[in-house]
Chemist: 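Shown below is the structure under consideration.
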Amino acid sequence: MLRRGKGIELKSRGEIEAMRAAGLVVARALAEVTEHAVPGASTGELDAIAEQVIRDAGAVPSFKGYHGFPASICASLNEKVVHGIPSRAEVLADGDLLSVDCGAILDGWHGDSAVTLAIGEVGPKDRALSAATEAAMWAGIEQIRAGNRLTDISHAVETAARSAADADGVEYGIIAEYGGHGIGTQMHMEPFLPNLGKPGRGPRLRVGMAIAVEPMLTLGSAETEELDDEWTVVTADGSRAAHWEHTVAIGEDGPWVLTAPEA
């Protein structure tokens, strides 16, 4: 039964398993998008592929119609950070970096996940950026344990991102305006999860909570701008960005990544 823990939705084991089913739909959709994300494909075609996978599973795209968003995925190419609108006119080219965010609703439960894809032969700096972003996500996920505080996740994301920057000899921008969130019967719920900050702050994590962890890093400034479409967020300096995300539940034994592909 759903309960509230200081404004944060708590789920039973059965409800978390229902979220896992939604998460697997998202994982399959992203797998199909990944397979078809090649030079010459359009982001509009990828959107259609994701929507077909979601609907064939008896689910509904979370994004389509959400506050008026017109598509089933967010396709954010190169300097686009998040919320990019896919289009048949936007054709992928060799060397592009594409972040794809996807959500699905199955039996009233949401799954939400994002990946960054290298299109063709991508330069080493772009590959390192994506790898650093993914590593930061997994570092945050490791802190999703009962008894920890919310910003323990934030601090782990930031620490991993800065460690990767040192190792790569660059300075990654850590996007602060956008971050993770609670998820369950709605796509965006309390709490908001910053991607940087001091540890030991915010609500204490409890079994039954579910959180989407989604760091976004850039190869330059962390400053962003929103385009005139009132959706697409781009880096202010035109540098490339990467975005990774998983939906994670807190179990008795630690984090359960609900949108990870089935083993």
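Only a predicted model underlies this, so the values are computations on that prediction, with no experimental measurement involved. Scope of the values below: all heavy atoms of this structure, side chains included, with no hydrogens, waters or symmetry mates.
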Chemist: More than 12 heavy atoms of other residues, nucleotides or ligands under 6.0 Å from CD of E226: yes or no?
Modeler: yes
Chemist: Side-chain contact test, heavy atoms from C-beta onward, threshold under 4.5 Å: evaluate it for E51 versus I54 and give yes or no.
Modeler: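 When only atoms from C-beta onward are counted, I54 and E51 do not touch, as no gap falls below 4.5 Å.
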Chemist: For N148 and Q143: C-alpha separation, side-chain torsions, deciding distance, then whether side-chain hydrogen bond (donor to acceptor under 3.5 Å, both in side chains) applies.
Modeler: CA-CA 7 Å; N148 282 358; Q143 295 301 313; 3.3 Å; yes
Chemist: Take V100 and T34 through the side-chain contact (heavy atoms from CB on, under 4.5 Å) test and state the conclusion after the steps.
Modeler: CA-CA 9 Å; V100 180; T34 299; over 6 Å; no
Chemist: Give me the ring orientation class for W231 and F69: parallel if the planes are under 30° apart, tilted from 30 to 60°, perpendicular past 60°.
Modeler: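 Answer is perpendicular, since the angle exceeds 60°.
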Chemist: Do any N or O atoms from the side chain of D237 and from the backbone of S221 form a donor-acceptor pair under 3.5 angstrom?
Modeler: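 Present.
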Chemist: Calculate, to the nearest 0.5 Å, the distance between atoms CD1 and OG1 belonging to I175 and T235 respectively.
Modeler: 7.5 Å
Chemist: Are T43 and S87 close enough that a side-chain donor and a side-chain acceptor fall under 3.5 Å?
Modeler: no
Chemist: Please answer: with hydrophobic residues joined when any side-chain heavy atoms are less than 4.5 Å apart, are I250 and V213 in the same cluster?
Modeler: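 Yes, because I250 and V213 connect within a single hydrophobic cluster, where side-chain heavy atoms sit under 4.5 Å apart.
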Chemist: Identify the two heavy atoms, one from A59 and one from V25, that lie closest to each other, and give their separation to 0.1 Å.
Modeler: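 Minimum heavy-atom separation between A59 and V25: CB-CG1, 4.1 Å.
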Chemist: Verify the neighbour count for atom CD of E223: are there more than 12 heavy atoms of other residues, nucleotides or ligands below 6.0 Å?
Modeler: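 No.
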Chemist: When rounded to the nearest 0.5 angstrom, what distance separates CD1 in I8 from CZ in R204?
Modeler: 12.0 Å
Chemist: Around atom CG of D107, are there more than 12 heavy atoms of other residues, nucleotides or ligands at under 6.0 Å?
Modeler: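 No.
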Chemist: About how many Å separate CD1 of I85 and OG of S76, when rounded to the nearest 0.5 Å?
Modeler: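 Going from the OG atom of S76 to the CD1 atom of I85 covers 10.0 Å.
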Chemist: Evaluate side-chain contact (heavy atoms from CB on, under 4.5 Å) for K80 paired with E90, printing each intermediate quantity in order.
Modeler: CA-CA 13 Å; K80 297 175 182 177; E90 186 176 57; 2.7 Å; yes
Chemist: Are I183 and H181 close enough, and set up right, to give a side-chain contact (heavy atoms from CB on, under 4.5 Å), and what steps lead you there?
Modeler: CA-CA 6 Å; I183 184 171; H181 51 89; 4.2 Å; yes
Chemist: I need the minimum non-hydrogen distance between S113 and E245, along with the two atoms involved.
Modeler: OG-O, 2.8 Å
Chemist: Do L217 and W244 have side-chain heavy atoms sitting under 4.5 Å apart?
Modeler: no
Chemist: Taking the six-membered ring where the residue is Trp, are the ring centres of H243 and Y178 under 6.0 Å apart?
Modeler: no
Chemist: Could you give the distance from CG (D112) to CD1 (I105), rounded to the nearest 0.5 Å?
Modeler: 10.5 Å
Chemist: Just how far is it from atom CD of E17 to atom CH2 of W109, taken to the nearest 0.5 Å?
Modeler: 12.0 Å
Chemist: If you round to the nearest 0.5 Å, how far is CZ of R240 from NZ of K125?
Modeler: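 Nearest 0.5 Å value for the NZ-CZ distance: 12.0 Å.
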